[in-house]
Amino acid sequence: MGTVSPAPRLAVVDTATQRLLPREAPLAMAPGDLGKNRALDRIPEPAGPAMAWRRGLILLATAALTGSGGYEMYRVLEVGGVTVLEAMVLALFLVLLAWVAFSFASALAGFFVLLAHRPDAATGAELPSISSSTAMLLPTYNEDPHRLTARLRAIIESLETTSHGQLFDWYVLSDSTDPDIWVAEEKALLALRQAVGTSRLYYRHRADNKARKAGNISEWITRFGAVYDFMIVLDADSLMSGQTIVRLVHAIETNPTAGLVQSLPLIVNARSLFSRVQQFAGRLYGPMIAAGVAWWHGSEGNYWGHNAIIRVKAFAEAAALPRLRGRKPFGGHILSHDFVEAALMRRAGWGIYMLPMLRGSYEEVPPSLLDFAARDRRWCQGNLQHLAVVPARGLHWLSRLHFMVGIGAYLTAPLWLLFLLLGMLISLQARFVRPEYFPKGFSLFPTWPAQDPVLAIWVFVATMGLLLLPKLLSLLLVWIRRSERRQFGGALRTSAGVFAEIIVSALMAPVMMIFQSIAVVEILAGRDAGWQTQRRDDGAVERRELYRKYGVPTLCGVAMAASAYAVSLPLLLWMAPVIVGLLFAIPIGALTAGPAPGKLFATPEDREPPSVLRRANELSAAAEVGIKPALVALREDSALLRFHLAQLPPPRTARPDTVDANLAVGRAKVDASDTFEEAAAHLSSREILSILNNGPVLSTVLEKR
């Protein structure tokens, strides 16, 4: 456990700009390396017999379910001999069933964990005492600064009520590339600093967005990390109560081997039908899934990139990311950095834990299926990059399993699609290709091509059972717990919500299967996802966008329906769960992007919002709407201008080969303009961004009449 250092509380006051500068305390980050075995000064603690037994049980259950299902599927196909196509179907079925069985076994473990757990045991306990210094880090990239600071203010106020607020410093770490948003962030931070009355709230903007969010965090560590024991990393949509933050600090304080402790963020503030379905499913099923994962992961857990507390020393010594060899999308900076950081810290001997029972940690979800798919496309690329990380030396086998699970989450989509297409191809072959009843060679009896339809139905039902039973077990937990049953609005309303969620999710699943399959193909073809800003509020989609984005799933549905009907009407009905979702992809996309009907998918946080959520929403509703152009905002507000100029690094003499072309063009446009309005109108966004990073040129622009 570290001691409270006064260094971050001290600040250099610039009376000319009224700017508070945190004293820099550099902490070196070890070079990222996938080749070394482990850090020399720490040896990971081996898993105890109980943990080994838990992991063995999960793997044994997965193998047993996969073996049983695979054998039954073989019996379905082996009537008359297994053809090449049928053998391919069987192989795909084994892979996909193993995936489903693995998830089922983990969720089943979570059910029994929660069944033996008192829901209010953790939240009802007295708030523990803490003494370590912690930095709250909020990386942001082109987000709405008003909503961002509203959430941050709610967190700060909530933490101050715990009497431990003096142990925390706050950093907004901006990577924003939109000049208007950059200046609006500075203005919003000045207002927030005045509203909360703390000098421990800092803002830093990076002109160079190297390595994205991971680089943003690493840059902070190398400048300020040495005086902090821990850091809590937030996302732009993160929200955490003060009590939850204190409990996270206490959890890592009392476990000196812990390098990271991950909370379970619950989805809040959903408005569209899509986001409310995700919120309901995450709130009802998520705790059981997380409890099962934590039960058998132990100290070899995972990191989801936010709402987690990290030991700064451990992160600095072990979690620096290497740059992957090759070109994008597989090479370059690692997109899904969190999995890799957790694996590298575990390799160095630090434990990675999850607290699934801890409440008070929240996040938001994209408002539409298209927004979700856009974010999912970036995650797909990041997880496929992990193919280069899996062979790294010295990783714990569970860390490798985390990577494989992440990779499999996206590869299963094209595998499911291939499984369906092969099944239809077999049916089309049987319908239109004349069978060879008497193959070459001696045979007393003809070979009748056939499958066992009754057994096939039972295999299908059993597979669907593995998918749906965890949802029903989560519902059962609500039924048998009076407090949770009341929070969800009663057993009947919760049951209706589960039934509706299953229907809506089943309709959206085939569309996501197509989207993810396209993403995998694009990535394998070398297409990079880039770094895009995520929409937070409005899920409305223009009609042209609906037709363009959902056109491919719709055409796939038409092709599947025609092929199935060409074989037989029963096959069309058998394929209906997939075909209907694809055929009606456009109306489903439009419907789910709109408002949710009534209170069908209400969650406990909707019915009784926690105080930090209620406060954040009040502040967001009262926040300023709209963002002024950056140059106009700086021209109108002298205090904002002084703050902005003080944030800029000292000017450096650039080499001829590193001259900023945007700055040069922007300066020429400014010189050729007679008025401020004329100059501002002719400058591009990139040129304005370069000017904002150059104090003398910026002053020249603003001084024009």
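In what follows, every heavy atom counts, from backbone to side chain, and hydrogens, waters and symmetry copies are set aside.
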If you take the centroid of each ring, where Trp contributes its six-membered ring, are [Y] and [X] closer together than 6.0 Å?
X	Y	answer
Trp574	Phe460	yes
Tyr550	Phe515	yes
His297	His402	yes

Of all heavy-atom pairs between [X] and [Y], which one has the smallest distance, and what is that distance?
X	Y	result
Ala593	Ser272	O-CB, 3.6 Å
Ser263	Ser361	OG-OG, 2.9 Å
Thr66	Ala101	OG1-CB, 3.9 Å
Gly581	Ile588	O-CD1, 3.8 Å
Ala319	Glu341	O-CG, 3.7 Å
Leu97	Leu65	CD2-O, 3.8 Å

Is any side-chain heavy atom of [X] closer than 4.5 Å to a side-chain heavy atom of [Y]?
X	Y	value
Val498	Tyr285	yes
Phe339	Val405	no
Met240	Val612	no
Ile407	Leu384	yes
Pro128	Arg247	yes
Lys213	Asp235	yes
Tyr303	Met345	no

Notebook entry, point to check: Can you list the steps and then say if Arg153 with Glu157 is a salt bridge (charged side-chain N to carboxylate O under 4.0 Å, His left out)?
Noted result: CA-CA 6 Å; Arg153 179 177 175 180; Glu157 291 177 351; 2.8 Å; yes
Notebook entry, point to check: Less than 4.0 Å between a side-chain N and a carboxylate O, is that true for Glu143 and Arg151?
Noted result: no
Note to self: Is a donor from one side chain sitting under 3.5 angstrom from an acceptor on the other, for Tyr362 and Asn307?
What the structure shows: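 Judged by distance alone, the side chains do not pair up.
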Rounded to the nearest 0.5 Å, what separation is found between the [atom1] atom of [X] and the [atom2] atom of [Y]?
X	Y	atom1	atom2	answer
Leu59	Phe102	CG	CZ	7.0 Å
Ser275	Asp371	OG	CG	10.0 Å
Asn269	Asp606	CG	CG	8.5 Å
Thr134	His164	OG1	NE2	11.0 Å
Leu420	Leu415	CG	CG	11.0 Å
Glu501	Gln279	CD	CD	12.5 Å

Item checked: Pair Arg486-Glu608, salt bridge (charged side-chain N to carboxylate O under 4.0 Å, His left out): steps then yes or no -> CA-CA 11 Å; Arg486 179 188 59 81; Glu608 299 178 11; 2.8 Å; yes
Notebook entry, point to check: More than 12 heavy atoms of other residues, nucleotides or ligands under 6.0 Å from CD1 of Ile480: is that the case?
Noted result: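 Check passes, neighbour count above 12.
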Next item on the list: Mark yes when over 12 heavy atoms from residues, nucleotides or ligands other than Phe419 sit less than 6.0 Å from its CZ; otherwise mark no.
Entry: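 Yes.
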Next item on the list: On the 0 to 90° scale, with breaks at 30° and 60°, tag the Phe280-Phe488 ring pair as parallel, tilted or perpendicular.
Entry: perpendicular
